[in-house]
Amino acid sequence: MKLKALVGLTLTFCASVALAQSTFHGNSAHTGVYNSPGPKQLGGVKWKFAAGGPIVTSPTIADGVVYIAAMDGHLYAIDEETGKEKWNFKSRMPIASSAAIANGTLYFVSSAGSLAALDIATGKPKWVFAMEYEKKFEAKNLHGLPSPQQTIPDAWDMYTSSPSVANGKVYFGSGDGNVYAVDAQTGLLQWKFPTKDVVHSSPAVVNNVVYIGSWDSYLYAIDADTGQEKWSFKSGDDPVIHNQVGFQSSPAVADGVVYIGCRDAHVYAIDAATGRKKWDYPTSKSWVIGTPAIYNGTVYVGTSDSSRFMALDAKTGRLRFNFDAKAYMFSSPAIAGDIAYVGDHNGKLYAIDAKTGKLAWEFQTDAAKENRLKLLNPDGSLNQEAMAPLFGDFEDMYIDIYKFTTIGAIMSSPAVNKGVVFFGSLDGNLYALQ
């Protein structure tokens, strides 16, 4: 994604694993499919919960409680019915990792450089595993921004890895370039797999294989028990300005195929057993940051600059429909009851018919309605004049992030349960829509 010069992001998983835990994008295979149907018509806001800072993470739901973390460093446990806080845990750094829950324990990756395990009943720490360090993806001449010799952290590297739990282990990636497996009960290291750059993709674990992407441009398949590489797949490269490179998306696995988006502006379908490419779909130089959802032989995913929500044939990669999303889309779709729910940088949550691509309904965050900085046009597209660069260097990335907080951009990925859609927003609210 060029971000327009920085104005310019039959299933093969075991059913018992899916039922035993709650995790990012619905299950350990990250297919984004939820058993409970969501609202086909918007009935309104059931409740909203105000966190202390912007939310980029996605809600996790277990036993009547919604868990979500915010950039204020808190991880919140919220009653699913009432929206009332049950407890919160304070980290010393912002939290950009969605939680995974298994066997009474909640796991998340801390921006301070650790994996934390909390008791879900109390929010008290059970143990903490320290990585080498955590950091954003960075490069010289990033996105072609001056100075060419200055190493620049990428503001659009919004998420840290969200852990997956399987086989008694917690799997996750780290900014130190490693993929880790630790014992789920004790936090003891089981194995560490090195890549050549930051790993903020979230691992999918299917049939005892860990699938995860790295900013080094490789998608890896790793033996879940031993940490040994089974295969790796190389995506596109961009050694000069590092714009069209790296896996920020997380893999989704279905029917023996790994589906993943890439910042090299492609959606890939990779044979899960061999690592051979089955197809790729080009997205007009637009990043694909969200994790694809896989449902009824269709791959659903959004793009950045081209502002599309796409449905692709899972076997051939052929386009089935395009939905004009009006603004960048980093959110990963949730599929429930033939409706795809997905967030947008313009502060809208879209409910889209998964068969036809027609809009069923949309919801606008409070901040987007206010539109204080006039960043949005009446049709929901971005006002290019209001989004124009101010400094002409890397600082504009961070200013753009601030601008998106003022319209409640939705970078969180929705979760659906009991007919309600839950998602976070950069306006600091967790919304529950019915």
Side-chain angles (χ1 to χ4, degrees), residues 1 3-4 7 9 32 38-49 54-59 68 158 286-291 293 300-311 321-336 339-354 356-384 386-387 400-416 420-434:
M1 161 182 169
L3 272 171
K4 300 196 179 6
V7 187
L9 312 177
K40 292 192 174 183
Q41 294 181 333
L42 179 59
V45 178
K46 182 175 183 178
W47 52 257
K48 65 180 178 181
F49 173 83
I55 298 172
V56 301
T57 63
S58 303
I68 198 161
M158 299 294 296
S286 288
W287 297 347
V288 183
I289 304 300
T291 301
Y300 300 91
V301 72
T303 67
S304 59
D305 290 68
S306 59
S307 303
R308 296 189 292 161
F309 181 69
M310 308 181 300
F321 69 69
N322 259 332
F323 174 83
D324 182 5
K326 304 296 184 184
Y328 316 139
M329 190 171 278
F330 284 18
S331 175
S332 305
I335 311 293
I339 299 288
Y341 303 93
V342 65
D344 194 278
H345 274 45
N346 62 7
K348 288 186 177 182
L349 183 89
Y350 294 114
I352 302 165
D353 188 293
T356 67
K358 303 296 184 183
L359 181 67
W361 53 265
E362 65 182 33
F363 170 82
Q364 195 171 30
T365 60
D366 295 346
K369 290 176 183 176
E370 293 178 8
N371 193 20
R372 297 189 305 275
L373 300 183
K374 307 302 180 188
L375 303 181
L376 299 175
N377 296 317
D379 67 350
S381 61
L382 296 178
N383 178 347
Q384 297 303 321
M387 292 293 296
D400 282 352
I401 298 297
Y402 168 72
K403 288 178 179 177
F404 281 119
T405 66
T406 70
I407 53 173
I410 302 171
M411 299 184 188
S412 173
S413 302
V416 183
V420 180
V421 181
F422 303 89
F423 61 94
S425 165
L426 291 191
D427 69 8
N429 286 312
L430 168 64
Y431 291 90
L433 306 184
Q434 60 188 5

Do the non-hydrogen side-chain atoms of [X] and [Y] ever get within less than 4.5 Å of each other?
| X | Y | value |
| --- | --- | --- |
| M329 | H345 | no |
| F404 | L382 | yes |
| T365 | I410 | yes |
| L349 | V342 | no |
| T405 | D427 | no |
| L430 | W47 | yes |

Which residues share a ring pair (Phe, Tyr, Trp, His ring centres under 6.0 Å) with Y431, sequence neighbours left out | F363, F423
Just jot down the ring pair (Phe, Tyr, Trp, His ring centres under 6.0 Å) partners of F323, sequence neighbours excluded, or say none.
-> Y350
Non-hydrogen atoms of [X] and [Y] that approach each other most closely:
| X | Y | value |
| --- | --- | --- |
| S286 | T303 | CB-CB, 4.0 Å |
| L433 | P39 | O-CG, 4.1 Å |
| V421 | P414 | CG1-CB, 3.8 Å |
| Y341 | G38 | OH-C, 3.0 Å |
| L426 | P54 | O-CB, 3.5 Å |
| M411 | M158 | SD-CE, 3.7 Å |

Could you go through the side-chain hydrogen bond (donor to acceptor under 3.5 Å, both in side chains) check for S425 and N429 one step at a time?
-> CA-CA 6 Å; S425 165; N429 286 312; over 6 Å; no
K46 NZ: over 12 foreign heavy atoms closer than 6.0 Å = yes
Non-neighbouring partners of S332 that pass side-chain hydrogen bond (donor to acceptor under 3.5 Å, both in side chains), sequence neighbours left out | S413
Strictly distance-based, threshold 3.5 Å: is any side-chain N or O of [X] a donor or acceptor partner for the main-chain N or O of [Y]?
| X | Y | result |
| --- | --- | --- |
| K369 | I407 | no |
| N322 | M310 | no |
| N383 | K374 | yes |
| D353 | T356 | yes |

Rounded to the nearest 0.5 Å, what's the gap from [atom1] on [X] to [atom2] on [Y]? Could you check?
| X | Y | atom1 | atom2 | answer |
| --- | --- | --- | --- | --- |
| D344 | S307 | CG | OG | 7.0 Å |
| S304 | R308 | OG | CZ | 10.0 Å |
| N371 | L376 | CG | CG | 4.5 Å |
| T406 | L373 | OG1 | CG | 4.0 Å |

Can you name the salt bridge (charged side-chain N to carboxylate O under 4.0 Å, His left out) partners of K348, sequence neighbours left out?
-> E362
Sequence neighbours excluded, which residues qualify as salt bridge (charged side-chain N to carboxylate O under 4.0 Å, His left out) partners of K48?
-> D366
Sorted by first residue and then second, give each salt bridge (Lys or Arg N to Asp or Glu O under 4.0 Å) pair with at least one member in residues 323-332; sequence neighbours left out.
-> D324-K326, K326-D379
